[in-house]
Amino acid sequence: MLNTVNPRQTVLVTCRAKYNNFGKDEIKDNIIALDWHIPLSFKPLMYGISAGKTRFSCELISRSKCFAVNFMSIDFQKEVLFCGRHTGRHMDKFTEAGLTKKDCDKIDCARIKEALAYIECEVVDEIDTGDHVLFIGKVAASALLNQGKRIFHIVGDDFTTTVD
Ligand SMILES: Cc1cc2nc3c(=O)[nH]c(=O)nc-3n(C[C@H](O)[C@H](O)[C@H](O)COP(=O)(O)O)c2cc1C
């Protein structure tokens with residue numbers, strides 16, 4: 001099916017939640033690469049993301065009930081692939097991918113400083129769609145910071161962008 005719906009814009013979704021790491025409670029910030037995301041409504045402003053149930057981020061978002069969608073430029077292929085090929089369960093993906101944490105404006109979550117644009121969401125519903133969960137987010141804040149060529153996923157490790 002993927003060859004029928006791709007290319008799709010790949011985003012980096014950030015999340016933060018309390019997490020029990022080998023018996024010790026800590027606040028965990030994480031990043032997941034996502035192709036499956038969608039605007040859902042203007043009034044109220046709503047945005048949806050679909051996360052696989054096995055993803056660590058799915059667990060964190062279920063717990064914290066918020067997430068940020070970070071729109072990246074094609075220059076960040078390496079970082080996007082890193083976040084899409086490694087779980088953050090036992091590593092700090094911000095550090096490992098070399099991305100900079102910035103506190104969100106309206107939700108208790110980090111976003112990515114290098115992003116061209118971002119949307120902050122509070123989860124108002126979760127729909128079990130099969131092996132994924134569709135998180136329905138009410139938009140709490142959003143901003144377009146910079147114009148730039150966005151990253152779109154074709155398949156595997158291949159990405160593309162828009163023409164001038
Ligand atoms: C380009 C790309 C797009 C992806 N899109 C999705 C997606 O839409 N939904 C999803 O659940 N996983 C997607 N993944 C896979 C997750 O990013 C990957 O499983 C990641 O390691 C999960 O990290 P986590 O365990 O720290 O949450 C994608 C991976 C790549 C490379």
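We use all heavy atoms of the structure for the numbers below, so side chains are in, but hydrogens, waters and symmetry mates are not. Both ligands and their constituent atoms are indexed starting at 1 by order of listing.
Residue, atom and distance of the protein heavy atom nearest to atom 18 (C) of ligand 1 are Gly84 O, 3.3 Å. Ranking the protein heavy atoms by distance from atom 7 (C) of ligand 1 puts Leu34 CD2, 3.1 Å first. Scanning the protein heavy atoms around atom 27 (O) of ligand 1, the nearest turns out to be Ser57 OG, 2.6 Å. Among all non-hydrogen protein atoms, the one lying nearest atom 11 (O) of ligand 1 is Gly52 N, 2.7 Å. In terms of protein heavy-atom proximity, atom 20 (C) of ligand 1 is nearest to Cys83 O, 3.5 Å. Scanning all protein heavy atoms for the shortest distance to atom 21 (O) of ligand 1 gives His86 O, 2.9 Å. When hydrogens are left out, the protein atom nearest atom 25 (O) of ligand 1 is Thr87 OG1, 2.7 Å; that is the closest non-hydrogen contact.
The shortest N/O to N/O separation between Phe56 and ligand 1 falls below 3.5 Å. For ligand 1, none of its N or O atoms has an N or O atom of His153 under 3.5 Å away. Here's the thing with Val80: none of its N/O atoms is less than 3.5 angstrom from an N/O atom of ligand 1. Remark: ligand 1 and Ala33 share an N or O pair separated by less than 3.5 Å (distance only, no angle test).
Separating the CD1 atom in Ile151 from the CD atom in Glu79 is a distance of 9.0 Å, to the nearest 0.5 Å. Taking CZ from Phe135 and CZ from Phe67, the interatomic distance works out to 8.0 Å, rounded to the nearest 0.5 Å.
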Verify side-chain hydrogen bond (donor to acceptor under 3.5 Å, both in side chains) between Ser142 and Glu120, making sure each step is shown before the conclusion.
CA-CA 6 Å; Ser142 70; Glu120 300 178 10; over 6 Å; no

Where do His153 and Asn6 land on the side-chain contact (heavy atoms from CB on, under 4.5 Å) test, with the steps shown first?
CA-CA 7 Å; His153 191 204; Asn6 284 16; 4.1 Å; yes

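Using 4.0 Å as the threshold, Cys58 has no heavy atom nearer than that to any atom of ligand 1. Within the 4.0 Å heavy-atom cutoff, Glu59 does not count among the residues contacting ligand 1. By the 4.0 Å heavy-atom criterion, Arg89 is excluded from the residues contacting ligand 1.
In summary, the side chains of Asp29 and Tyr19 do not present any donor paired with an acceptor at a separation below 3.5 Å, with no hydrogens or angles considered. No side-chain donor from either of Thr14 and Asn30 sits under 3.5 Å from a side-chain acceptor of the other.
Nearest heavy-atom pair across Asp92 and Lys101 is OD2-NZ, 3.7 Å.
The local environment of NZ in Lys149 is crowded, with over 12 non-hydrogen atoms from other residues, nucleotides or ligands closer than 6.0 Å. No more than 12 heavy atoms of other residues, nucleotides or ligands shown are found within 6.0 angstrom of NZ on Lys113. Residue Lys65 places its NZ atom among more than 12 non-hydrogen atoms of other residues, nucleotides or ligands, all under 6.0 Å distant. Residue-environment remark: NZ (Lys138) stays at or below the threshold of 12 foreign heavy atoms within 6.0 Å.
Below 4.0 Å from some heavy atom of His132 lie the following atoms of ligand 1, by number and element: 9 (N), 10 (C), 11 (O). Of all atoms in ligand 1, listed by their number and element, those nearer than 4.0 Å to a heavy atom of Lys93 are 23 (O), 24 (P), 26 (O). Taking every heavy atom of Ala51 and a limit of under 4.0 angstrom, the matching atoms of ligand 1 come to 11 (O). Residue contact check: Gly88 has heavy atoms under 4.0 Å from atoms 24 (P), 26 (O) of ligand 1. Against a heavy-atom cut-off of under 4.0 Å, Ser50 is close to the following atoms of ligand 1: 7 (C), 8 (O), 9 (N), 10 (C), 11 (O).
At a heavy-atom distance under 4.0 Å, no atom of His37 approaches ligand 1. Heavy atoms of Asn30 found under 4.0 angstrom from ligand 1 belong exclusively to the side chain.
Nearest-residue assignment for atom 5 (N) of ligand 1 (options Val11, Asp35, Thr10, Leu81; heavy-atom criterion): Asp35.
By the 4.0 Å N-to-carboxylate-O rule, Arg16 lies close enough to Asp103 to be salt-bridged with it.
Here the options are Leu99, Val13, Val11, the test is side chain to side chain contact (heavy atoms under 4.5 Å, CB included), and the partner is Ile112; only Leu99 passes.
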